[in-house]
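Encoded as structure tokens, the structure appears first; notes follow it.
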Amino acid sequence: MSVNANQRRLRLGVIGGGPGSFIGSIHRGGAVMDGLYEVVAGAFSSNAERAIEAAEALHVPRGYPSGHALITAEAERNDRCDVIAIMTPNDSHFALAQQALRSGFHVFCEKPLTHTSAEADELAQLAKAQNRLFCVAYAYSGFPMVRQARAMVANGDLGELRQVQVEYTQGHLATLTPQERTGDNWHFQPEVSGPSLILGDIGTHAWHLASFVTGVEPSHLTADVTTVVPGRSAHDTATLLTRYANNARGTIWVTQAATGAEHGLSIKVFGSKGGLEWYQQQPNELIYRPLEQPRQTLVKGGPGLYRAANRMTRVVIGHPEGYQEAFASLYRDLAEAITAKDSGQPLSPDNAFPTAEDGARGIHFIETCLRSVANGGQWEPLP
Ligand SMILES: NC(=O)c1ccc[n+]([C@@H]2O[C@H](COP(=O)([O-])OP(=O)(O)OC[C@H]3O[C@@H](n4cnc5c(N)ncnc54)[C@H](O)[C@@H]3O)[C@@H](O)[C@H]2O)c1
């Protein structure tokens, strides 16, 4: 790890992610896993009282009644936060991230980054203008064997890219949920969750994973974005074809309405010299199919891995690592980048946290899919 052991821990301010939230404990646990951050401030709810109570319950020293109050107050302190982590529902990401950047903080923000590409592009430009680092929580890019896959593609082990397939199947929306009937869940409120539930919630992950591993973005796509469960208004399923500048082809299938499915995220990449397959439910293995040679299963911590994969591993071979560690790895990549920036030391070429530009590309992806649907499934160029 290239972070200076004598350096103080980075001070983290957390917005959202209170007790009982899906992602809060994953962020907080991931941030502190390597001893690089301390959570010094928090605004853990949209309700002012509960926000402060939660800070006390979580033993976070500086509790604030809102995210905006946190940023304003922290900006005035000598021992101010270094990084603001935003894990609120989607509609508040833009305003909070914008305020944090304007106040000079580095940002770690949940996906989907914003509701519109204009907002997302603005954040990417603002981060650059303010000279601040901005990590977007595309967590699957933190898994060691995903880093291995990316390194193998970058190293030419697969030859020229020919085909890419990403599948992300979940089953928790296979039927109408009680909260959906009562409207008591922000995911089903488009003004909060964004223009397409399925594309924002997991489509952006699938899109980023394909480009993270292959190192290229498709030039065009055609999309079918729909609702397969009767009585539901939000999109629960999307099927896409993609086309690359070199004539490679891809498919993306994302759904939360696959009955009985758990967390079936997988990626397959095939090139002129070999293929790779990674399955999120067996995250510590990567299947490698070299042309006209026997299939190999590469394992986390095992022989034959690139440094890019080994640096993301904390536990010895045979011991599982997963989602929590992947978040920790993104927090660590961000910490290393901040340290390199502050000290003027070079940053490892293997440091690869998803940036605001990656977050913005995810929003352009959503808008391009919806444009294709509106145009009757026409092929649309990516901006
Ligand atoms: N990267 C991933 O793998 C991943 C996984 C799950 C969720 N997410 C993203 O994380 C975000 C939160 O999702 P979740 O499932 O944890 O939601 P959630 O509803 O489970 O929790 C949201 C939390 O934020 C708090 N909150 C809401 N509005 C707030 C505000 N304005 N200020 C401060 N606190 C506020 C709530 O009290 C709650 O504690 C979403 O953007 C979602 O897309 C990402």
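Just follow the structure's listing: the first ligand is 1, and inside any ligand the first atom is 1.
Ligand-side atoms of ligand 1 in range of G18: 39 (O), range being under 4.0 angstrom from any heavy atom. Shown in contact with H93 at under 4.0 Å from a heavy atom are these atoms of ligand 1, numbered in order with element: 41 (O). Under a 4.0 Å criterion applied to the non-hydrogen atoms of N90, ligand 1 contributes the atoms 40 (C), 41 (O), 42 (C), 43 (O). Atom numbering of ligand 1 starts at 1 in the shown order; those under 4.0 Å from a heavy atom of Y323 are 2 (C), 3 (O), 4 (C), 5 (C). Which parts of ligand 1 touch A43 is read off a 4.0 Å heavy-atom cut-off, strictly below it: atoms 33 (C), 34 (N).
Residue S45 touches ligand 1 through backbone and side chain together, judged by heavy-atom distances below 4.0 Å. Residue Y138 does not touch ligand 1, judged by heavy-atom distances below 4.0 Å. Only the side chain of F327 comes within 4.0 Å of ligand 1, counting heavy atoms alone; its backbone N, CA, C and O stay farther away. Contact annotation for E110 and ligand 1: only side-chain heavy atoms (C-beta onward) come within less than 4.0 Å of the ligand.
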So Y140 and H205, ring-ring contact (aromatic ring centres under 6.0 Å, His included) or not? Walk me through it. CA-CA 8 Å; Y140 304 100; H205 275 301; 4.9 Å; yes
side-chain hydrogen bond (donor to acceptor under 3.5 Å, both in side chains) between H27 and Y331: does it pass, once the steps are laid out? CA-CA 9 Å; H27 271 272; Y331 272 100; 2.7 Å; yes
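At least one heavy atom of H205 lies less than 4.0 angstrom from ligand 1. At least one heavy atom of G17 sits closer than 4.0 Å to an atom of ligand 1.
Using modelled atom types, one finds no donor on one side chain facing an acceptor on the other under 3.5 Å when comparing N310 with K300. Side-chain contact, H93 with T114: no donor N or O sits under 3.5 Å from an acceptor N or O.
By the 6.0 Å and 45° rule, R50 does not stack over the aromatic ring of F44. Both cation-pi conditions hold for R150 and F212: the charged atom is under 6.0 angstrom from the six-membered ring centre and inside a 45 degree cone around its axis.
Of all protein heavy atoms, the one lying nearest to atom 16 (O) of ligand 1 is I23 N, 3.1 Å. With hydrogens left out, the protein atom closest to atom 25 (C) of ligand 1 is F44 O, 3.7 Å, a heavy atom. At the top of the distance list for atom 19 (O) of ligand 1, counting protein heavy atoms only, stands W186 NE1, 2.8 Å. The closest protein non-hydrogen atom to atom 21 (O) of ligand 1 is S21 CB, 3.1 Å. What sits closest to atom 14 (P) of ligand 1 on the protein, heavy atoms only, is F22 CB, 3.8 Å.
Looking at E217 and R361, a side-chain N of the basic residue comes within less than 4.0 Å of a carboxylate O on the acidic one, giving a salt bridge. A salt bridge links R8 with D82: the closest approach of a Lys/Arg side-chain nitrogen to an acidic carboxylate oxygen falls below 4.0 angstrom. Salt-bridge annotation for K268 and E277: absent, with no side-chain N of the basic residue lying under 4.0 Å from a carboxylate O of the acidic one.
Among H187, M87, K111, the residue whose heavy atom sits closest to atom 42 (C) of ligand 1 is K111. With atom 32 (N) of ligand 1 as the reference point, the heavy atom nearest to it among T88, I86, L96, V192 is part of T88. Within the set G24, S46, P19, C109, the minimum heavy-atom distance to atom 31 (N) of ligand 1 is found for S46.
Among the atoms of P89, none of the N or O lies under 3.5 angstrom from an N or O of ligand 1. The shortest N or O to N or O distance between I15 and ligand 1 is not under 3.5 Å.
When the side-chain contact (heavy atoms from CB on, under 4.5 Å) test is applied to S46, no partner is found at least two apart in sequence or on another chain. Residues passing the ring-ring contact (aromatic ring centres under 6.0 Å, His included) test with F365 are W207, sequence neighbours excluded.
Although no hydrogens or angles enter the test, the distance criterion places no donor-acceptor pair under 3.5 Å between the side chain of E285 and the main chain of V299. Under the 3.5 Å distance criterion, the side-chain polar atoms of R147 are left unmatched by any main-chain donor or acceptor of A308.
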